Amino acid sequence: MSPGNDAVLLTGNHAVAWGARLARPKVVPVYPITPQTPILELLTEFQAQGELEAEIITPESEHSVMAACIAASLGGVRVFTATASQGLMLMHELLHYASGARAPIVMANVNRTIASPWGFWPDQTDSVAQRDTGWIQFYVESAQEGLDTVLQAFRIAERVRLPVMINLDAFYVSHSLEPVRVPPQALADEYLPPYAPEHYLDPARGESWGNVVTQEMYWRHRRDIGGAMDAVPEVAAEADREWQRLSGRGWDLVERYRCEGADLVVLTMGSMCGTAREAVDELRDAGHAAGLLKVRLFRPLPAAELRRALAGVRDVLVLDRNFSPGAGGVLHQELRAALYGTAAAPRVHGALAGVGGVNVPPAKIAELAGRARSSEPLPEAVWAR
Amino acid sequence: MGKMIDILCSGHAACPGCIDAVSARHVLAALGPDCVAVMPPSCMAVIAGPQPFSGLRIPVYQASLESAAASACGLRRALDVRGRTETQVVVLAGDGGTYDIGLQCLSSAAERNENILYVCFDNEGYMNTGAQKSSSTPRYAKTGSTPAGKPTRKKNFTEIMAAHRVPYAATATAGFLRDLVRKVEKAKSLRGTRVLTLLIPCLDGWGVPEDQGIAVARLAVQSGMFPLYEVEDGLRYTLNDPPKSRPVRDYLMSQGRYRNLGDAQLDELQREVDADWARLEQRAQASAVQ
Ligand SMILES: Cc1ncc(C[n+]2csc(CCOP(=O)(O)OP(=O)(O)O)c2C)c(N)n1
Ligand code: SF4
Ligand SMILES: [Mg+2]
């Protein structure tokens, strides 16, 4: 198949691989893990066919994949990789290393349960557990959104000099076939010019990275990373607008679905949004003013935009397909923190919905919504399936 | 040797009399300025200096402890993409970062025959964290984590690398500088994964007086505890001068870490060294007739 503007059937994984190919990364270290492996396989296939001019590195572990990503990125070239679950866990130390090094790596993560015990099911605990690592995080709902977000991610990463993680739910997104428009290379090139970093490791330049610093230098470095994160909502919104202008598709940082006049809003991330849309439609059909807020950008959390979107809403139902033992649902925690202290904040109800990949049908979401409207929120999230 | 161009500057942070620094100075001078260094945490990384200073006149990437070789591969590929294929990527790592926590990724780099030069500064312990044992610590040496002496042998790292059939794996030490510089130059002239292991008597960690580092390094070779040899393509072994000529006792008695060693233990170490030496000689002879 060749890129053009016609829709073709692609899985989420293959759409992400196409997005990566269109971004023209120069170094791609990869390690297989279910359900990410098809991304790796398609990229190595592209490279073997001469359709992707990149150095593929096949190290012995995800840990070494991330080590190679960071050093290659500091070597001055565009870098892409993909992982899932245990692979992401193994990278943890180096995720911090990457953002500390201000390396604009883009990585896809297929959200899968973390062992033990073993499982292969959609669950976002793997990536939400990385929320303090200094990576920008997106959650996508569809294959098309996955492809488009990879291109947007490079644009954002290289502008703010922070790495970006694009998360797609195991199987529901990674393996579902959907019609996807693969943009022409020329369009991708127009959107994403070649990577030309200000700093890189080269004997002709004499710059180094990683030497021991003083408390004062470390403090300033962390503050700068914070500044870069703060700039992300605006930079990401620009990246989305520009992509919308060129491709006709925009995704927003927080998508509002049927939120007009809503007194109850369901808030969630990833594939759960698809189910929640159906639930919202059913509720609207039954005469209830319900809407959906899809959190696409999770790190940094677009708090100001969430507060705006929830102004005047009476109840928010947060659906978390993740679980932080002792704390509950991570999105639930984050939203409550974002709303704390705002005047006339909505009542926030939390549900651990779909943890471990269990199915949450639209009717269940409608039922949870009904309960939220009629009762005071509990301090802890409720378990739902 | 002609006038050397120093890549390692004076004023660095090594202990006075440190053999790590002397060795790095000569390795880097032999490599020249078209070079990028990768360093995991180790004495070498301390010597490289705190920000905003740098003890080296080449770019340094300070990697995480377990990822030096993997990082070097990433940097290598990036340089290749940018057309800098002649630039050397050199890893300067300690034995802990090499024999232990970094061995997995080094093995992987060697299996792919990545074009990197890996230099292990083998001071036989974790010196940066206060002299604990590594798997390079020899039997009966006392360290912070083996106060009664380490009960097991030193891992044979050069043979492990040779078993990967890398183009070049060799041992050297600043105690025999000409041999060391020749090996660096030889490694520089080859492509693929090249591995040098340099014995670094650590003054503090081994209990060696400040002015005795080089003398101890020489004794290590002369006693056969640290034979100088090179392995090409994993098969061709060459033993380098000087050969084993002195009892291990001479070497062991020069260091505090072997204090209170009994005669039985001394004899046992002598037997081990003799057997290892005989095996190495056999391999070198077998290579010669090939
Ligand atoms: C993952 C990790 N664990 C532990 C450390 C602490 N640490 C720093 S250097 C070092 C030992 C280094 O020993 P070696 O590689 O032999 O270098 P030397 O200090 O002896 O030169 C350790 C354990 C670390 N930096 N990273
Ligand atoms: S601790 Fe040992 S190896 Fe490290 S700088 Fe001091 S003498 Fe050199
Ligand atoms: Mg050491």
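All values derive from a computational prediction rather than experimental measurement. Convention: sequence-line order gives letters A, B, ...; per-chain numbering from 1.
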Non-hydrogen atoms of chain A under 4.5 Å away: do they reach the side chain of [X], the backbone, both or neither?
| X | value |
| --- | --- |
| B/Arg84 | side chain |
| B/Cys35 | backbone |
| B/Pro52 | both |
| B/Leu79 | side chain |
| B/Ser71 | both |
| B/Glu111 | neither |
| B/Val81 | side chain |

Short side-chain donor-acceptor distance under 3.5 Å, [Y] and [X]:
| X | Y | result |
| --- | --- | --- |
| B/Thr98 | B/Tyr118 | yes |
| A/Asn111 | A/Ser127 | yes |
| B/Lys133 | B/Thr143 | no |
| B/Asp34 | B/Thr87 | yes |

* With only heavy atoms counted, which part of A/Thr58 is less than 4.5 Å from chain B, the side chain, the backbone, both or neither? -> both
* To do: Measure distances from A/Pro59 to the heavy atoms of chain B and classify the residue's part below 4.5 Å as side chain, backbone, both or neither.
  => both
Who among [options] has the most heavy-atom pairs with chain B under 4.5 Å?
| options | result |
| --- | --- |
| A/Gly206, A/Cys69, A/Ser73, A/Ala71 | A/Ala71 |
| A/Val212, A/Asp202, A/Val27 | A/Asp202 |
| A/Glu53, A/Met66, A/Arg205, A/Met217 | A/Met217 |

* Once the angle between the rings of A/Phe154 and A/Phe80 is folded into 0 to 90°, is it parallel (under 30°), tilted (30 to 60°) or perpendicular (over 60°)? -> tilted
* To do: Return the orientation label for the B/Tyr61 and A/Tyr97 ring planes: parallel under 30°, perpendicular over 60°, tilted otherwise.
  =>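 Aromatic pair B/Tyr61/A/Tyr97 classed perpendicular.
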* Hey, is CG on B/Leu190 packed in by over 12 heavy atoms from elsewhere, all under 6.0 Å? ->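 Yes.
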* Is it the case that more than 12 heavy atoms not belonging to B/Asp204 sit under 6.0 Å from its CG atom? -> no
* Look at B/Ser54, B/Gly49, B/Cys73, B/Ala48 and state which one has the largest set of heavy-atom pairs under 4.5 Å with chain A. => B/Gly49
* **Contact leader toward chain A among B/Ala63, B/Ser107, B/Pro33, where contacts are heavy-atom pairs under 4.5 Å** => B/Ala63
* **Test: A/Arg78 cationic atom under 6.0 Å from A/Tyr195 six-membered ring centre, within 45° of axis** => no
